[in-house]
Amino acid sequence: MQNLSDHLAQGWHFVQSLWPEPLRLILFVAGIVAFVGANAAYLVWVERKGAGRFQRRPGPNEVGPAGLLQPVVDGLKLMSKQLIVPAGVDRVLFRGAPLLVMAPVLMSLAVVPFSASLAARNINVGLLMVFAFGSINVMAVMLGGWASRNKYAVISSARMVSQNVAYEIPMLLVVITMVMLTGTMNLNEIVQQQAGWFWHWNLFDWKHNPLAPVTFLIFYICMLAETNRAPFDMAEAESELVAGAYTEYAGMGFGVFFMAEYANILLGCSLATVLFLGGWQSPFGVLSGLVWFLAKMYFLIFTVVWIRWTFPRTQFYGLLNLSWKILIPVSLFTLVLSSALMKLLP
Amino acid sequence: MIVKEELTTPPPASEERFPVGPANVGASGVPAETFVLNLGPQHPATHGVLRVKMTMDGEYIVRAEPVCGYIHRMQEKMGENRTYAQYLPNTSRIDYLSAMTYTHAFVGAVERAAKIQPPPRAEYIRVITSELNRISSHLVWWGAFLLDLGGFTPLLYAFDDREKILDLLESITGARLTYCYYRVGGLCNDVDDAFLKGTREFVAQMRPRLKMYKALVTDNIILRKRLIDIGPISAELCRKYGATGPVIRGSGVGYDVRKAEPYSAYPEFDFEIPTFKEGDSMARYLVRMEEIVQSLRIIEQALDKLPAGPVMADKVPRVLKLPAGDYCYSVEAARGRFMVRIVSDNREIPYRVKLRTPCLSNLSLFEEASKGMLLADALAVMGSLDLVIPDIDR
Amino acid sequence: MSEAGPVKNVETSQAAPTAVTRPNPLAHLALPFQAVDYAVKGYHVEAAVPPEQVVAAAEMLDREGFALDTITGVDWLADKQMEVVYDFFHPTKGLRVVVRTRISRDKPEIATISTVFPGANWHERETHDFFGIRFLGHPDLTPFLLPEDATYHPLRKDFAG
């Protein structure tokens, strides 16, 4: 009896020694994984319901009330499918690509501040870390397409790489503008600088950046292009390339790519919220918190879904032209303009 | 802010590592490695089972060779062992989207040979139903074309409108898609007042819908960049290949069988033939959208002037035997000029039935028109040709 | 002979097709084009030519601005001949012309017109598929609608399914 309580006490001391780090970190990461997983599943529901309503039909409404169990059933369906690995593919890359696609998103979300106290890691170069991880995503899709040993997949991967490279540049230029304006790469500080009523948000900071809405628009367009959402979904243009880079993936392999796409949208919209819309700050200056962050983020996600079901797809060279010939000059101009104004009007 | 971009040249091939033969010349004239990409026969963008063997140089098409025959049902042979009345359902299934007009051609050929004149009420109702069919066919084309281009929503809006047409036509014919409504000498049954009222309501509500489609889709900048100056087809190319319908009307030649060889009750009505001279995919798109407007006009006039009377000619023999010789009848189907040639040897079964279908001629110019095009553009051009593969293969 | 007879339409507002033959618009061409009653036959002008003159006829019509409508065959088993029928239409004048020719059934060969009208390529392939008529000079006389390895010709009258 004595031994047991001694052992229990020893165990409890050990657990206590794990707080705050690394146990807090593990809990946060588990929370993020759960959050991303649940969102990826239910954003599919939002997308399908939204698509249905835009197309004047109800969308999924059979499974569960208002179709809310649809993603669960879809997940079960995908998990029950045989994971076919076609003959002749590069086995390591084929299997590894879905993992590589999901991992960077989860890492990037570890630095995004969901509220004043909900940030897994408050890193001083948080913004840099997000974009560093973002590039791995491109590589993973490319590997998936390449490893599939399918002409359609290879064409799709090639398109995806050039599209992502082209749109990283204006996105980074815009982010550099914001870093310059806010003076920090720490996402929590960026949000804290936007305290107060909504005109304190970076979107309305027209003193130093009169083109702030344009900057936001460029960021938004680049985010759509980076996540391969319509109208920039050339890579998986279903009517041309079947399923593009994901053609040869069956069952949950395909499901993971799908989830990663939604996770990327989540990440992109949360970054847009943090950088431009004040993060978890309330528009009225009081009662800030997680609710405002989620509201703004989900509103942006809704607009992403809305745009997908409204516009047709651009051509591939039109997409690249938009980036190289329009977005990059405009974002360079805003960068120069902002720096000039910051110097002239301190 | 429309940027006029030149097509960027493909990267030069690495001839040192991969020696290329003289036949391997790419689209830009630079010796290139080409690969063969097989589009179809199962593919979301080819409307039906069409296989296009594309020899590609990167994203550029060196040669696009359509391979047909995957849905060849030998309709022409079937014409040789069925009586004229028994062949009528077959005519609906050649191009199932404009089934009425195809039946019209066959029935017209038999009537022409047997010198049977359908009563005027039958002719007017034939025009009304043919034009309704044309509208529903163009709506399907529009939705499917935008689906190819990545806009998923207009398809459902188009099908919403089309559902009204299908309900109307179902009430008089009993079928939603493959109608067999015309008979030799007239129609199989008359229309009722509910149909006439419903058609008027449909015309009234379709016009504002077309305005919405124009604002939402036709004027959309992404669509315009996708279609303007893409896939130019000259009038001379159309002539050499015999392309008709919106393809030739989008290239500046106003050829429409309803005006060139007037048939049925069309001379009674006042309508225009929309013609656009640019010859690109946008022109073909606009031709079809304008044709819907003109069809609504024809339907309205026909409803206003609809005569009373029987819908079936009297003294049509039960067993039809056409005099020996060959007889043709051409109609303007939704996709172009459809002609039936019946060769008869004075029996109740035709000796030969030849079906001249528009999509075959329209597709035959694709190989020449698509040289040097990008893959995405080639698919947009194929969509703008409005192909129904059973029409090609029969 | 069908005894349908003309149907009386006393209250018609449209004129019944009148039996008027237009003057032959192609009378100036070298080949024997004849005007035909459109209301009865469905075309305006036809010409029956020997097989050697088919390419010349096509060239004449091409110069006049005609477009190729279709090419087809008819198997006249009793006459031991095959008829090749060429249909043309004019995109601006609305004229329809038919050129016919007859070739022997045992060795059905005729020159191709795909050099004049590239659209003839597919029509001739299809006619070859259905009847076995060989178009000499055709760039690619492979089966068009039938399977690639087909050796039969279904529209021949002695084809036993």
Side-chain angles (χ1 to χ4, degrees), chain B residues 68-69 72 74 76-77 80 109 112-117 119-120 123 185 235 238-244 248 253-255 259-261 265 267-268 305 307 309 313-317 320-323 325-330 337 339 341 343 346 351-352 354 356 360-361 364-365 368 393-394, chain C residues 1-9 11-17 38-44 62 65-70 72-76 83 85 87-96 98 116-123 126 129-130 143-148 154-155 157 159 161:
Chain B
C68 307
H72 176 58
M74 207 78 223
E76 300 185 358
K77 183 80 177 176
E80 293 180 16
R112 185 170 264 169
K115 297 194 180 35
I116 298 172
Q117 175 72 8
E123 296 277 38
C238 289
R239 185 183 74 84
K240 287 286 192 178
Y241 283 88
T244 54
I248 200 172
V253 179
Y255 178 73
K259 295 273 197 196
E261 297 172 54
E268 313 276 317
K305 297 196 224 172
D314 36 303
K315 293 201 232 158
V316 176
L320 269 168
K321 276 194 201 178
L322 302 186
D326 68 340
Y327 309 92
C328 307
Y329 198 91
S330 326
R337 181 194 152 75
M339 179 184 78
R341 153 176 268 120
V343 179
N346 206 7
Y351 193 78
R352 170 100 173 89
K354 164 69 184 167
R356 185 270 182 207
L360 187 132
S361 310
S364 58
L365 56 73
E368 199 174 313
D393 290 357
R394 282 155 285 146
Chain C
M1 191 66 178
S2 77
E3 288 303 332
V7 175
K8 298 181 192 29
N9 286 312
E11 69 270 24
T12 179
S13 58
Q14 74 183 86
Y38 176 83
V40 171
K41 301 289 261 173
Y43 45 91
H44 298 103
D62 182 30
F66 278 83
L68 178 69
D69 206 9
T70 188
T72 189
V74 185
D75 184 15
W76 296 108
E83 185 180 3
V85 183
D87 282 276
F88 298 90
F89 69 94
H90 199 285
T92 46
K93 294 189 205 147
L95 280 175
R96 283 259 298 115
V98 172
V116 184
F117 285 103
N121 193 317
W122 282 14
H123 294 294
E126 181 190 316
D129 272 355
F130 291 166
F144 177 58
L145 294 177
L146 296 178
E148 295 93 31
L155 276 182
K157 289 295 176 180
F159 173 76

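Within every chain, numbering begins at 1; the chains are lettered A, B, ... in the order of the sequence lines, protein sequences first and strands thereafter.
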Given that the side chain runs from C-beta out, which part of C/D87 has a heavy atom under 4.5 Å from chain B: side chain, backbone, both or neither?
side chain
Can a donor-acceptor pair be found between the side chains of C/T72 and B/R356 at a distance below 3.5 Å?
no
For C/F88, is it the side chain, the backbone, both, or neither that has a heavy atom closer than 4.5 Å to a heavy atom of chain B?
neither
Return yes if a side-chain donor-acceptor contact under 3.5 Å exists between C/T70 and B/R341, otherwise no.
no
Residue, of B/R394, B/R337, B/E368, that accumulates the most heavy atom pairs under 4.5 Å with chain C:
B/R337
Can you tell me if B/Y351 uses its side chain to pair, donor with acceptor, with the backbone of B/G325 under 3.5 Å?
no
Most heavy-atom pairs under 4.5 angstrom with chain B, which of C/V74, C/D69, C/L155?
C/D69
Donor-acceptor check, side chain of B/R239 to backbone of C/F66, threshold 3.5 angstrom: yes or no?
yes
What part of C/Y43 gets within 4.5 angstrom of chain B, counting heavy atoms only: side chain, backbone, both, or neither?
side chain
What part of B/K354 gets within 4.5 angstrom of chain C, counting heavy atoms only: side chain, backbone, both, or neither?
side chain
Any side-chain heavy-atom pair of C/K41 and B/D326 under 4.5 Å
yes
Determine the option with the most heavy-atom pairs under 4.5 angstrom with chain C, choosing from B/G69, B/A235, B/A109, B/S330.
B/G69
Can you tell which part of B/Y329 gets under 4.5 Å to a heavy atom of chain C, answering side chain, backbone, both or neither?
neither
With a 4.5 angstrom heavy-atom cut-off, could you sort out which part of B/S361 is near chain C: side chain, backbone, both or neither?
side chain
Please look at B/L365 and chain C and tell me whether the side chain, the backbone, both or neither of the residue comes under 4.5 angstrom of a heavy atom of that chain.
neither
Apply side chain to side chain contact (heavy atoms under 4.5 Å, CB included) to the pair C/R96 and B/M339, showing each step before the final yes or no.
CA-CA 11 Å; C/R96 283 259 298 115; B/M339 179 184 78; 3.1 Å; yes
Of the backbone (N, CA, C, O) and the side chain (C-beta and beyond), which part of B/R112 lies under 4.5 Å from a heavy atom of chain C, both, or neither?
both
Has B/K259 got a side-chain atom pairing as donor or acceptor with B/P267's backbone, closer than 3.5 angstrom?
no
Greatest number of non-hydrogen atom pairs under 4.5 angstrom with chain B, of C/P143, C/A120, C/P147, C/G65, falls to C/G65
Taking C/W76's backbone N and O only, do any of them form a donor-acceptor pair with C/K157's side chain (distance below 3.5 Å, no angle check)?
no
